[in-house]
Protein chains: 2
Amino acid sequence: MIQSIDRAIRVLTALQGTRRMSLSELAERLDLAPSTAHGIVRSLVEHGMVVQERGSSRYQLGPAVLRLGNVYLDTLELRSRAIPWAEDLARRTGLAVRTGVLLIDDVVIIHHEPRPDGSRQMPEVGIVIPVHASALGKAMLAFLPEDEKRVLTSGDLRSMTGETTTSPETLRDQLDQIRATGVAVEKDEAVIGESSLASPVFDSYGEAVGAIGVVVPSGGDLKGHDVSDLVRETARAVSRELGAAAWPPRRPGQ
Amino acid sequence: MIQSIDRAIRVLTALQGTRRMSLSELAERLDLAPSTAHGIVRSLVEHGMVVQERGSSRYQLGPAVLRLGNVYLDTLELRSRAIPWAEDLARRTGLAVRTGVLLIDDVVIIHHEPRPDGSRQMPEVGIVIPVHASALGKAMLAFLPEDEKRVLTSGDLRSMTGETTTSPETLRDQLDQIRATGVAVEKDEAVIGESSLASPVFDSYGEAVGAIGVVVPSGGDLKGHDVSDLVRETARAVSRELGAAAWPPRRPGQ
DNA sequence: AATGCAGTTCGATATTGTCGAACGTGATTT
DNA sequence: AAATCACGTTCGACAATATCGAACTGCATT
């Protein structure tokens with residue numbers, strides 16, 4: 001791992017958490033001499049990855065990162081395949097539909113089909129949710145070979161709400177359950193008042209490359225048990241389009 | 001400029017143009033030894049900025065860039081201020097509205113309000129258009145102090161369609177015109193069949209920090225001359241919300 | 001007006017990234 | 001089916017390069 005590149009990305013990640021930071025804040029956060037941090041930031045600024053706001057001397061992310069994000073979405077086959085099915089699922093359930101992929105220990109939303117009730121809803125593409133607090137994340141985790149252990153043993157499972165699964169043992173049990181049913185559930189674990197169901201999507205190698213699912217208002221009743229079946233069927237359909245031979249795959253990786 | 005960071009960003013930029021590239025393609029494009037390119041790519045992969053697709057050994061952008069892009073949008077005051085006005089402008093003109101900022105020699109779309117006719121339209125947030133081929137870009141360019149020269153003298157103004165302004169002299173004349181009217185126009189210069197009008201948005205320092213405008217189907221008739229007035233008024237309103245003292249500012253920078 | 005703080009620039013040192021060569025693997029060709 | 005080729009990857013030595021500390025500048029504060 002090249003040191004300066006690692007540091008540059010850490011700068012971007014820091015700015016992604018704390019949106020505006022002064023140089024000294026950045027330097028302290030990354031344990032660097034101010035001049036070192038300055039050199040890194042300068043390089044990022046020259047490419048538009050970071051901009052310093054006028055007047056104040058704080059830094060924030062720049063327009064170049066937006067351009068990259070947009071291109072990423074366009075290159076994702078999973079996304080283009082999932083969109084028609086997501087629309088369909090939203091129409092049939094009356095719920096918002098999310099599709100996500102894994103990023104280290106989080107899930108990144110790559111598509112968001114709003115609830116089809118005509119109301120204005122915040123676009124959620126690009127937001128991240130901890131794997132262990134989301135149905136999307138658990139769905140993928142359950143079908144990963146070795147990597148799952150890393151998350152499970154990494155120690156702290158951050159608590160988002162009082163309901164967040166924070167015990168590795170509990171999570172492990174949940175994953176067994178998910179492998180049995182093909183559907184992951186989560187109640188108020190990431191956001192209070194919001195629960196979700198999701199199923200994993202596989203590619204032609206039988207790898208869990210993403211997950212798709214619905215968001216359920218915690219108060220709302222699921223019309224019978226249909227929803228979970230619809231979610232599973234949607235994931236299966238998308239997987240087939242991606243060339244998956246079976247759903248779930250016979251021996252997941254390993 | 002730190003060399004390895006510069007190279008890393010060049011890798012991302014290359015992947016942004018040519019979506020999937022093999023290591024050797026990347027190495028050749030950046031004039032690097034394959035092993036050097038590999039080290040850089042490896043560092044990017046470890047942070048999820050780049051992923052190598054399974055099976056084939058090609059690389060493409062990763063989910064981490066999407067997360068960054070999303071946060072960038074959230075931090076932009078221009079965007080949050082512009083959105084309500086963009087909705088209003090779209091409603092009153094019946095046209096799609098775009099808001100953009102400058103990124104080196106391009107304009108990046110930071111908000112896109114679709115035509116209010118209920119049809120499905122591709123979201124345009126994150127796409128880039130060359131400054132000299134877009135009304136948004138020209139609107140900003142006309143009110144920049146020194147930087148404009150860089151673009152004008154950088155040599156080649158890429159041609160997008162047969163209508164693209166490629167002569168620096170012509171562009172200079174257009175900018176004079178824009179400074180006089182406050183509204184930039186463009187006909188078929190970026191995309192055939194699509195024209196646009198835009199006006200610059202200023203912040204409290206009198207800097208052109210963005211531009212907002214409408215997209216007009218080339219065949220479509222503008223209802224009288226109203227549209228250009230509405231665009232100008234919208235830009236003025238957003239500028240005032242950002243703390244601009246005057247529109248246009250008295251002495252643009254300099 | 002003076003002081004302190006933060007961002008920035010500059011130069012010397014040694015760490016660190018770079019390159020060339022060698023290895024392993026998968027695909028293609030004879 | 002064997003061999004060759006091409007490609008991605010790993011490794012180690014060198015020197016270029018990033019890093020750090022100190023000094024400078026500008027701004028805000030007292």
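Every chain is numbered from 1, with letters handed out A, B, ... down the list of sequences.
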Validation: residues 33-43 of chain A side-chain donor-acceptor distances under 3.5 Å, sequence neighbours left out:
unit_1: A:Arg42; atom_1: NH1; unit_2: A:Glu46; atom_2: OE1; d: 2.7
unit_1: A:Ser43; atom_1: OG; unit_2: A:Gly39; atom_2: O; d: 3.0
unit_1: A:Ser43; atom_1: OG; unit_2: B:Ile2; atom_2: N; d: 2.9

Decide, yes or no, whether a salt bridge links [X] with [Y] under the criterion of side-chain N to carboxylate O below 4.0 Å.
X        : Y        : value
A:Arg81  : A:Glu77  : yes
A:Glu169 : A:Arg172 : no
A:Asp31  : A:Arg10  : no

What bend angle does the helix from C:dA1-D:dT30 to C:dT30-D:dA1 show across its length, from five-pair end axes and to the nearest 10 degrees? 40°

With sugar-phosphate taken as primed atoms, P, OP1 and OP2 and all else as base, the protein-contact string of nucleotides 6-19 of chain D at under 4.0 Å (heavy atoms; B, S, -) is -SSBB------SSS

Parallel, tilted or perpendicular: which describes the rings of B:Phe202 and B:Phe143, with under 30° parallel and over 60° perpendicular? perpendicular

B:Arg232 side chain to B:Thr181 main-chain N or O, any donor-acceptor pair under 3.5 Å? yes

Are B:Asp6 and A:His47 close enough that a side-chain donor and a side-chain acceptor fall under 3.5 Å? yes

